[in-house]
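So you know, we letter chains A, B, ... as the sequences are listed, proteins then strands, and number each from 1.
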There are 2 protein chains.
Amino acid sequence: MSKCDQCIVREFSSLKALNKEELLKMANCKTSYIIKKGEPIFTEGENVNGIFCVKDGVCKLSKLSENGNEQILKLVAKGELLGQRSMISDEPVNLSAVALEDMEVCFVPKSEILGFFNENNQFSMNVMKSICGDLKEADDHLVNMAQKSVRQRLAETLLELHDTFGINEDKSLRIKLSREEIAGMVGTATESCIRLLSEFNKNGLIELSGKKITLKDFKKLRSM
Amino acid sequence: MSKCDQCIVREFSSLKALNKEELLKMANCKTSYIIKKGEPIFTEGENVNGIFCVKDGVCKLSKLSENGNEQILKLVAKGELLGQRSMISDEPVNLSAVALEDMEVCFVPKSEILGFFNENNQFSMNVMKSICGDLKEADDHLVNMAQKSVRQRLAETLLELHDTFGINEDKSLRIKLSREEIAGMVGTATESCIRLLSEFNKNGLIELSGKKITLKDFKKLRSM
DNA sequence: CTGATTGTATGACAAATATCATATTTTATT
DNA sequence: AATAAAATATGATATTTGTCATACAATCAG
């Protein structure tokens, strides 16, 4: 059983407030999983009863709309935690988490985390701040969805993917998403997304080559 | 100076976890304000450094989009708290709060609240749960914005106004909003909002009479 | 009361987006 | 490698929504 005190998740998440002793306790009760690309970590409506630490890989957090479309709310990368809101609200998760790449995650049961909560003030403050950050992000995101055109949202999404996940040696976006998934982030029909990507390509804003997307004209993309 | 222990806000918010002693402390450091209809309680970007308790009246929480439109994210009624996220994140508020009716609010400084935080576990848990509730709401709202038509969003907004704020004796919606504000909630142009309200009126889904809106066909509105 | 201002309503039109159809390309499977 | 299946691309078209113009109604200040 691997230790928690050297883990990347500890370094970048609320868990950084935990001391050696607490980390040891956590290491003893955690469960590690390998999640293959395309597989779910959890599904909307499920009772999760704990949190997941993302050690490696990226997953999407999404929700089915009433018309059956998948809306992607957020991508979660290694170093982050999953399921905090649901744990605190003591409710089923309201989002699904599905791996976009092969992933390594650890599950820590709720009882354990809630223990730290009561004993370690800095830890609970960190969790709060992280959730507050999510809330602010969600509000900003909401305004964009309500007030911006699909074209603008697509441009922003591409820039976001660039900034968050970086690029390969050939400068193409590192994170691999299907057109359908990009459409799910932007909140539009897959065909519209494809069409706009083609348009961006023709206008020199981006370069398409197979599944690879390379951002070219950052200025124009930003000022859209 | 009025006491806090009988206050409606105490009854319905996170504050219900505070004991007599804490409420007394709070009563001694709070400031009461009367806010007239149309006036702001705080504005996007401001440093608030505390929370507001809404004793009476309703306000809108909104944010300006980059194109200058006002998007309303939430209406806050008496009994609720304002500014929790900003206090915990230790950041300026990201939303503006403007009174939709004459309001009575109390301001409690951050230092006081953070004191309760460390001493009263149930209180901090309540605040967390309240913020988690906001986050869930924001996610749901986001999916609606991204995936539903303006017509659907308007119908939902009307039903929400009905369910949250109730009706007058003549069955019209109690909460009074301009067409522009309704459009700001729905995330559409004012003219589109007016047009759709007219359409709903013609089709018997609602009844318009001056500024008054009366919901008529709940079934159709819900199944839109 | 009266003119001025603001809010509401509606028409005409343009632009953005969704939908359906179909072709092409890529990927997976045998 | 051959075939099937899935993903991507694009055209045609309908629908939705935004924008601009203008009319009408309500509200407010003097």
Measure from [atom1] on [X] to [atom2] on [N] and round the result to the nearest Å.
{"X": "B:Leu197", "N": "C:dT10", "atom1": "CG", "atom2": "C1'", "result": "14 Å"}
{"X": "A:Glu180", "N": "C:dA18", "atom1": "CD", "atom2": "P", "result": "14 Å"}
{"X": "B:Leu208", "N": "C:dG7", "atom1": "CG", "atom2": "P", "result": "18 Å"}
{"X": "B:Glu199", "N": "C:dG11", "atom1": "CD", "atom2": "P", "result": "13 Å"}
{"X": "B:Leu154", "N": "D:dG18", "atom1": "CG", "atom2": "P", "result": "12 Å"}
{"X": "B:Lys212", "N": "C:dG7", "atom1": "NZ", "atom2": "P", "result": "19 Å"}
{"X": "A:Gln147", "N": "D:dT17", "atom1": "CD", "atom2": "P", "result": "14 Å"}
{"X": "A:Gln152", "N": "D:dT17", "atom1": "CD", "atom2": "C1'", "result": "15 Å"}

[X] bridged to [Y] by N-O distance under 4.0 Å:
{"X": "B:Lys60", "Y": "B:Glu70", "answer": "yes"}
{"X": "A:Arg85", "Y": "A:Asp134", "answer": "no"}
{"X": "A:Glu44", "Y": "A:Lys63", "answer": "yes"}

For a quick test of reading the model: is some side-chain N or O of [X] closer than 4.0 Å to OP1 or OP2 of [N]?
{"X": "B:Ser198", "N": "C:dT10", "value": "yes"}
{"X": "B:Lys211", "N": "C:dT8", "value": "yes"}
{"X": "B:Thr188", "N": "D:dG18", "value": "yes"}

(Q) Using a heavy-atom cut-off of 4.0 Å across all strands, would you classify B:Ser178 as base, sugar-phosphate, or nothing? (A)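 Sugar-phosphate only.
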Q. Which part of the nucleic acid, if any, lies within reach of A:Ser192 when heavy atoms closer than 4.0 Å are counted: base, sugar-phosphate only, or nothing?
A.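 Answer is base: heavy atoms of A:Ser192 come under 4.0 Å of a base.
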Nucleotide nearest [X] when distance is taken to its side chain, options [options]:
{"X": "B:Glu191", "options": "D:dA21, D:dT17, D:dT8", "result": "D:dA21"}
{"X": "A:Arg151", "options": "D:dT17, C:dA16, D:dG11", "result": "C:dA16"}
{"X": "A:Ile194", "options": "C:dA9, D:dA9, D:dG11", "result": "D:dA9"}

Q: Count the heavy atoms of every other residue, nucleotide or ligand shown that sit under 6.0 Å from CD of B:Glu180, and state whether that count exceeds 12.
A: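 Counting neighbours around CD of B:Glu180, 12 or fewer heavy atoms of other residues, nucleotides or ligands fall under 6.0 Å, so no.
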Q: Using the closest heavy atom to pick a nucleotide of DNA chain C for each, name whichever of B:Gly210 or A:Ala189 lands nearer the 5' end.
A: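 Here B:Gly210 is the residue nearer the 5' end.
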Q | Closest-nucleotide 5' rank along DNA chain D - winner of A:Arg195 and A:Thr190 | A |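 Of the two residues, A:Thr190 wins.
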Q: Report the relative orientation of the aromatic rings in B:Phe218 and B:His162; use parallel for angles under 30°, tilted for 30 to 60°, perpendicular for over 60°.
A: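 Ring orientation, 0 to 90° scale: perpendicular.
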